[in-house]
Amino acid sequence: MALWLMKSEPDVFGIDDLKKSPNQTAGWDGVRNYQARNFMRQMKAGDGVLFYHSNATPSGLAGLAVIAAEAQPDPTQFDPASHYHDPKSDPAKPRWDWVTLQYVRHFKRLIPLTELKTYPELADLPLVQKGTRLSVHPVSQHDWDFILSIE
DNA sequence: GCCAACGTTGGC
DNA sequence: GCCAACGTTGGC
């Protein structure tokens, strides 16, 4: 089982929205970055996910989710009305995928990015590294365990 | 709103 | 293939 971190803006789709979704599951739409997409294609059902709130006050880790279904074409890429529409994507060979996430739980407290940056134990976590903007990336078992220990 | 960092596009 | 221009991300 692999572990991941996924970012979302709570004003657009936060962990509360995932919890309120039917069956507490939702397709993770809107990823339009190849590196992030390629990580999503590696995800398996049952993989753990840290749900991160970006562009928030404060930004930080909000809770846990689990991969409920593996990568499939993201339907928003073919929807001209969608903010995520990509006219260059060929329906015969879709460019963008999504995965389905299921809500697990909120953290007991939101763990702010500013705090995460203070731990030497998390120096390898891409989230805290300068210049890393990837919205989807892997998390090591060590970092996962450490984050749960400071919750 | 600012700005640094990174990704993508497109001319050549 | 190079690289400048532009767009996006995301913290602050």
Side-chain angles (χ1 to χ4, degrees), chain A residues 2-21 25-43 47-67 70-140 142-144 146-151:
Chain A
L3 301 168
W4 309 93
L5 182 147
M6 301 178 81
K7 299 182 188 176
S8 185
E9 302 189 20
D11 290 349
V12 179
F13 189 86
I15 194 165
D16 292 336
D17 297 302
L18 180 60
K19 186 179 183 182
K20 283 184 283 188
S21 297
T25 65
W28 198 263
D29 63 10
V31 171
R32 295 295 179 268
N33 170 284
Y34 290 104
Q35 248 186 301
R37 181 204 66 184
N38 292 342
F39 283 135
M40 288 201 301
R41 287 181 172 175
Q42 297 171 33
M43 292 176 178
D47 283 1
V49 177
L50 296 171
F51 197 122
Y52 178 81
H53 281 174
S54 60
N55 269 323
T57 40
S59 294
L61 289 168
L64 298 176
V66 63
I67 299 299
E70 295 170 16
Q72 295 178 301
D74 176 351
T76 62
Q77 69 195 303
F78 303 122
D79 178 2
S82 170
H83 186 226
Y84 301 123
H85 180 229
D86 182 355
K88 292 181 184 169
S89 185
D90 176 1
K93 201 180 173 194
R95 182 179 291 196
W96 305 113
D97 285 358
W98 73 8
V99 291
T100 303
L101 259 69
Q102 180 163 28
Y103 173 81
V104 174
R105 65 178 178 87
H106 282 63
F107 283 144
K108 295 172 199 143
R109 64 183 183 101
L110 186 123
I111 307 171
L113 178 63
T114 49
E115 178 184 334
L116 294 169
K117 285 180 169 172
T118 66
Y119 298 111
E121 291 88 343
L122 296 179
D124 292 337
L125 183 69
L127 178 72
V128 303
Q129 288 169 358
K130 184 175 157 72
T132 302
R133 292 182 323 185
L134 258 189
S135 63
V136 176
H137 68 66
V139 176
S140 70
H142 165 272
D143 289 351
W144 178 278
F146 183 78
I147 287 162
L148 292 185
S149 79
I150 61 172
E151 175 190 359

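To find a chain, count down the sequence lines: A is the first, B the second, and so on, and within it residues start at 1.
- Contacts with DNA chain B (heavy atom under 4.0 Å) in residues 109-134 of chain A: Lys130(A), Gly131(A), Arg133(A), listed by number.
- Between the side chain of Thr118(A) and the backbone N or O of Glu115(A) there is at least one donor-acceptor pair closer than 3.5 Å.
- The outermost nucleotides of DNA chain C lying under 4.0 Å from heavy atoms of chain A, listed 5' to 3', are dT8(C) to dC12(C).
- Of the residues in residues 75-89 of chain A, none has a non-hydrogen atom less than 4.0 angstrom from any atom of DNA chain C.
- Checking Ser89(A) against Gln77(A) by side-chain atom types alone, a donor-acceptor pair falls below 3.5 Å.
- In terms of modelled atom types and a separation under 3.5 Å, the side chain of His53(A) and the main chain of Ile15(A) share a donor-acceptor contact.
- Between Phe78(A) and Trp96(A), the ring centre distance reaches or exceeds 6.0 Å.
- Counting only residues at least two apart or on different chains, the side-chain hydrogen bond (donor to acceptor under 3.5 Å, both in side chains) pairs with a member in residues 10-20 of chain A are Asp16(A)-His106(A).
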Decide yes or no on ring-ring contact (aromatic ring centres under 6.0 Å, His included) for Phe51(A) and Trp28(A), but give the supporting numbers first.
CA-CA 11 Å; Phe51(A) 197 122; Trp28(A) 198 263; 5.3 Å; yes

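- In this structure, the side chain of Ser21(A) does not engage the main chain of Ala26(A) through any donor-acceptor pair within 3.5 Å.
- Legend: salt bridge (Lys or Arg N to Asp or Glu O under 4.0 Å) pairs involving residues 90-107 of chain A, not counting sequence neighbours, sorted by first then second residue: Arg41(A)-Asp97(A), Asp86(A)-Arg95(A), Arg105(A)-Glu151(A).
- Looking only at distances, no side-chain donor or acceptor of Thr132(A) sits under 3.5 Å from a matching main-chain atom of Leu134(A).
- Side chain of Asn38(A) to backbone of Tyr34(A): a donor-acceptor contact under 3.5 angstrom is found.
- Closest heavy-atom contact between Val99(A) and Glu70(A): CG1-C, 4.0 Å.
- For the segment residues 28-40 of chain A, the set of residues with a heavy atom within less than 4.0 Å of an atom of DNA chain C is empty.
- In summary, the side chains of Arg32(A) and Thr76(A) do present a donor paired with an acceptor at a separation below 3.5 Å, with no hydrogens or angles considered.
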